[in-house]
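Below is one structure, written out as structure tokens; the observations come after it.
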Amino acid sequence: MSGAGNREAVFPTRQSLGLMKAKLKGAQTGHDLLKRKSEALTKRFREITRRIDEAKRKMGRVMQIAAFSLAEVTYAVGGNIGYQVQESAKSARFRIRTKQENVSGVFLPAFESYTTEGNSDFGLTGLGKGGQQVQRCRETYARAVETLVELASLQTAFVILDEVIKVVNRRVNAIEHVQNKKQRDTAAQDVEMKLRREAAEKAGDDKENETSGGDLLGDEEDADVIF
Amino acid sequence: MAAPASTYKDREFLAVIGDEDSVTGLLLAGIGHVTQPPDSQKNFLVVDSKTDNATIEEAFDRFTTQRKDIGILLINQHIAERIRHRVDTYTAAFPALLEIPSKDHPYDPEKDSVLRRVRRLFGE
């Protein structure tokens, strides 16, 4: 039995014992559910972390290929097209939208890329020569950006899940170590006090009660054997 | 618990802070967007050796906190290295911050802020 600090402020009566027990039961159910949620999220989290690792490596390769195709363009066009491209950028052709996925009550946003129709900037880039290379380079980079978008989704999910898991775990631990303990202690104290009071009330009758209880148990066993 | 929908509903562009080649390539893919005048803003910043760190930080701030229409911010790893303290302390989910390799600087997983976080979480 611990000190008064670990006790909810209730009087040790039979009624509050019942209430306390109900509360403890509720807390345990809540704890189990939260624990399960935390585990489901952690499982997802580990999967995402692994995929991030893979995607980062893939990105390294893809970007390398893309950079090479840009070098091809520079070679074919015979000059740097950077300035021209930067100046002619007006409206994004390649855009992203977000959609949601529900994992154990947590909404994880995911990016999805799409291209708007109709506006192709840089129409004149590489008109003189190297048009084919420019076209190929655009495709390569579009694929690279798709990989990046995928990676960004994973990363966002990672950041959000990380946060949510921390919150859930904190709640699980709070119930485990503070609430439950308090309620358990209160219930235990109550039981103890009740027993002590009962013992004080009928000090002499205790032994007889116990023996009669033993006889009753014996009877039931006999009956079971017969039928 | 999760971010409300309003924080990412309108985010439809990518932004990029990078060297000239990376920016050119990504613009070729079609991510470039310039908002309507009078206050036309580009969603890309070309960084070379002459660009000072304050400019990069300012662009970083603009893309991450001020503009609400950017979903993903791409930044070259060697440029992220120059404002590393800002990148490492950036923890928001939106916009997602991605460190990408550049032509002259191959990708180093050790420096990536997210991968480092992954490692720390799994105690490696």
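None of the values given here were measured: they were computed from a predicted structure. Every chain is numbered from 1, with letters handed out A, B, ... down the list of sequences.
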Self-check item: SB check A:D32 A:R36 (cutoff 4.0 Å)
Solution: no
Self-check item: Heavy-atom closest pair, residues B:A29 and A:F94
Solution: O-CB, 3.8 Å
Quiz item: Of the non-hydrogen atoms in A:L70 and B:G25, which two are nearest, and what is the gap between them?
Solution: CD2-N, 4.2 Å
Self-check item: A:E47/A:R51 salt bridge by N-O under 4.0 Å criterion
Solution: yes
Practice problem: Enumerate by number any residue of residues 44-57 of chain B whose heavy atoms lie under 4.5 Å from heavy atoms of chain A; in the absence of such residues, state 'none'. | Solution: B:F44, B:V46
Quiz item: What's the shortest heavy-atom distance between A:R57 and A:D53, and which atoms?
Solution: NH2-OD2, 3.1 Å
Self-check item: Ring geometry between A:F45 and A:F158 (parallel below 30°, tilted from 30 to 60°, perpendicular above 60°)
Solution: parallel
Quiz item: Under a 4.5 Å heavy-atom cut-off, does chain B meet the side chain of A:A66, its backbone, both or neither?
Solution: neither
Self-check item: Which of B:E99, B:H33, B:K42 touches chain A most, by non-hydrogen pairs under 4.5 Å
Solution: B:H33
Quiz item: Which residue out of A:V159, A:I96, A:L161, A:T49 racks up the most heavy-atom pairs below 4.5 Å with chain B?
Solution: A:I96
Self-check item: Crowding at CD, A:E112 (>12 non-hydrogen neighbours, <6.0 Å)
Solution: yes
Quiz item: So, do A:T147 and A:K58 sit near enough that their side-chain heavy atoms are less than 4.5 Å apart?
Solution: yes
Quiz item: OH of A:Y114: more than 12 outside heavy atoms within 6.0 angstrom?
Solution: yes
Self-check item: Atom group of A:L148 that falls short of 4.5 Å from chain B, counting heavy atoms
Solution: both
Exercise. Could you please state which residues from residues 73-88 of chain B sit under 4.5 angstrom from chain A, measuring non-hydrogen atom to non-hydrogen atom, sorted by number, or 'none'?
Key: B:L74
Quiz prompt | chain B contact via A:F68 - side chain, backbone, both or neither, heavy atoms under 4.5 Å | solution = neither
Quiz item: Hey, is A:K43 close enough to A:E39 for a salt bridge, meaning N to O under 4.0 Å?
Solution: no
Practice problem: Using a cut-off of under 4.5 Å on heavy-atom pairs, state which of B:S102, B:S22, B:P101 scores highest against chain A. | Solution: B:P101
Quiz prompt | Smallest separation among heavy atoms of A:T156 and B:A96, with atom names | solution = OG1-CB, 3.5 Å
Self-check item: Residue selection (most heavy-atom pairs with chain B, distance under 4.5 Å) from A:A152, A:A67, A:G60, A:A71
Solution: A:A152
Quiz item: Would you say A:T140's side chain and A:R136's backbone share a donor-acceptor pair under 3.5 angstrom?
Solution: yes
Quiz prompt | Largest heavy-atom contact set with chain A, pairs under 4.5 Å, which of B:L26, B:N43, B:L98, B:I100 | solution = B:L98
Quiz item: Can you find a heavy atom in the side chain of A:E176 that is under 4.5 Å from one in the side chain of A:K35?
Solution: yes
